[in-house]
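One structure below.
Lettering of chains follows the sequences in order, A, B, ..., and the numbering in each one begins at 1.
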Protein chains: 2
Amino acid sequence: MKITFKGDYALKAVLDLAMYYDKPQSVDEISKRQDIPYKFLEQILLQLKKGRFVKSLRGRNGGYVLAHKPAQITLGQIVRFVDGPVEPISCAFAAKPSPCNYSGNCVLREVFCDIGKMIAEKVDNITFENLKERQKKNIAKTKKYLDYSI
Amino acid sequence: MKITFKGDYALKAVLDLAMYYDKPQSVDEISKRQDIPYKFLEQILLQLKKGRFVKSLRGRNGGYVLAHKPAQITLGQIVRFVDGPVEPISCAFAAKPSPCNYSGNCVLREVFCDIGKMIAEKVDNITFENLKERQKKNIAKTKKYLDYSI
DNA sequence: TTAATATCCTACTAACTATATCGGAATAAT
DNA sequence: ATTATTCCGATATAGTTAGTAGGATATTAA
Ligand code: FES
Ligand code: FES
């Protein structure tokens, strides 16, 4: 699993939409809050829309909303959709593995598959509801710290 | 962690040298046994030599040998040396992390770091002695199967 | 001594990927 | 009509990947 800037931006955008679940957020708002280049984010959200992770509302006061509840979207889904398989090498892909010649008993493959499964289990068990809650706690903690320091 | 062809080839080459620990193996032999393009492998072995993972013997009857015992070389060392950090994104690099603006309390970073540590722990605890033993068992198993099927 | 067999070294290339930017069309609210 | 927004396709630029090419240098066997 290599997470590119694009993938990272996508995760941030989805998390942002999870935090503001109730009303549509414009590309501009997300872009500024998450510090993502506007035009790049535009592309990414369009892609996420094609993947049915978000919905859009066009025209004035438009923007994006999540297509599902945060608890129903996992980190793994977004990462796979934007950055491809989470396994470290193609012979270990869960979906469409392409092993080398010694395929059958390649020890490296066994190791790569182990690692792939570990990663998959992790990312498939983290939802954006989880992330949202953790984010809220982090913000509260920072606020507390700031309150004390003033 | 994304393992490239180059990284995969490097691992195969080192494992091959671990299997034939006693005498030097030429690029040609390794290339044929492991099905790696000759010229590419040449480059890779030179790089591994710079990294002090292998030693070379020049001239006729020359070749490469491991610079250390298989038990002292880990999967992680080779992967890092050839393909870079095993963490999935730069803000989670153990060596030189470069976090985003919300650095301090970025939940995504926490997750990425968790995953990075998982991967690191795995690859740092697999030595080429381990791999060699597993490989031998696999070969024995295949042989047994072939013996029965004849 | 010479031929054969090796490693060593630098440079080159073609295809692909990453990270955007640009310019405008379509849509909807005010 | 004006303004704010999404939508869409093209372009750009730099870096990475997966090699290949051509020769220099070292060692040894005949
Ligand atoms: S099957 Fe992946 S390295 Fe052999
Ligand atoms: S620090 Fe890596 S995404 Fe925020």
Side-chain angles (χ1 to χ4, degrees), chain A residues 1-13 17 20 23-32 34-67 79 81-85 88-91 98 100, chain B residues 1-13 17 20 23-32 34-67 79 82-85 88-90 98 100:
Chain A
M1 181 171 61
K2 192 198 156 198
I3 292 166
T4 63
F5 273 65
K6 189 176 176 186
D8 190 36
Y9 292 160
L11 294 173
K12 280 176 173 165
L17 292 178
Y20 297 84
K23 59 173 180 292
Q25 304 295 315
S26 71
V27 175
D28 192 54
E29 290 170 306
I30 304 172
S31 155
K32 278 171 183 155
Q34 302 295 333
D35 195 32
I36 302 171
Y38 180 89
K39 277 293 194 177
F40 200 8
L41 179 58
E42 212 176 35
Q43 273 192 358
I44 293 166
L45 283 166
L46 243 13
Q47 191 181 334
L48 287 173
K49 192 190 164 193
K50 272 193 190 167
R52 318 231 174 190
F53 295 104
V54 302
K55 286 178 192 170
S56 68
L57 297 166
R58 299 188 66 170
R60 197 163 175 169
N61 299 337
Y64 287 91
V65 288
L66 289 188
V79 170
F81 182 70
V82 177
D83 279 338
I89 191 170
S90 65
C91 66
S98 53
C100 72
Chain B
M1 180 171 63
K2 191 199 157 198
I3 292 165
T4 63
F5 272 66
K6 190 176 175 185
D8 190 35
Y9 292 160
L11 294 173
K12 281 177 174 164
L17 292 177
Y20 296 83
K23 60 172 182 290
Q25 304 295 314
S26 71
V27 175
D28 191 54
E29 289 170 306
I30 303 171
S31 155
K32 278 172 184 157
Q34 301 295 333
D35 196 31
I36 302 171
Y38 179 90
K39 277 293 195 178
F40 200 8
L41 179 57
E42 211 176 36
Q43 272 193 357
I44 294 166
L45 283 166
L46 280 174
Q47 192 180 335
L48 287 172
K49 191 190 164 191
K50 272 193 190 165
R52 316 230 177 191
F53 294 105
V54 303
K55 286 179 192 170
S56 68
L57 297 166
R58 300 187 65 169
R60 197 160 176 172
N61 298 337
Y64 286 91
V65 288
L66 289 187
V79 169
V82 177
D83 280 337
I89 190 170
S90 65
S98 54
C100 72

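Of all non-hydrogen atoms in B:Leu45 and B:Val27, the two that sit nearest each other are CD1-CG2, 3.9 Å.
Following rounding to the nearest Å, A:Gln47 (CD) and D:dT6 (P) show an atom-to-atom distance of 17 Å. Separating the CD1 atom of A:Ile89 from the C1' atom of D:dT17 is a distance of 13 Å, rounded to the nearest angstrom. Taking atom OH of residue B:Tyr64 and atom P of nucleotide C:dT5, one finds them 18 Å apart after rounding to whole Å. Here the P atom of nucleotide D:dT5 and the CD atom of A:Glu29 are 7 Å apart, to the nearest Å.
For A:Lys2, the side chain to side chain donor-acceptor pair (under 3.5 Å) criterion is met by no residue, not counting sequence neighbours. The side chain to side chain donor-acceptor pair (under 3.5 Å) check on B:Ser31 picks up nothing, with sequence neighbours excluded. Here B:Ala10 pairs with B:Ile44, B:Leu48, B:Ile78, B:Val82 under the side chain to side chain contact (heavy atoms under 4.5 Å, CB included) rule; sequence neighbours left out. With sequence neighbours left out, B:Ser90 forms a side chain to side chain donor-acceptor pair (under 3.5 Å) with B:Ser98. Applying the ring-ring contact (aromatic ring centres under 6.0 Å, His included) test to B:Phe40 and every residue at least two apart in sequence or in another chain returns B:Tyr9. Among residues two or more places apart in sequence or in another chain, the side chain to side chain donor-acceptor pair (under 3.5 Å) test is passed with B:Gln43 by none.
Remark: B:Ser56 is in phosphate contact with C:dC8, judged by side-chain N or O atoms under 4.0 Å from OP1 or OP2. Phosphate proximity of D:dT5 to A:Tyr38: absent, as no side-chain N or O sits under 4.0 Å from OP1 or OP2.
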Item to complete: Sugar-phosphate means primed atoms, P, OP1 and OP2; the rest is base. With that split, encode nucleotides 9-20 of chain C 5' to 3' as B, S or - using protein heavy atoms under 4.0 Å.
Response: B-B------SSB
Anything under 3.5 Å between a protein N or O and an N or O of nucleotides 26-28 of chain D, put it in a table, one pair a line.
from: D:dA26; atom 1: O4'; to: B:Arg58; atom 2: NH2; distance (Å): 3.3
from: D:dT27; atom 1: O2; to: B:Arg60; atom 2: N; distance (Å): 3.2

Side-chain donor-acceptor pairs under 3.5 Å in residues 53-65 of chain B, sequence neighbours left out?
from: B:Ser56; atom 1: OG; to: B:Lys49; atom 2: NZ; distance (Å): 3.3

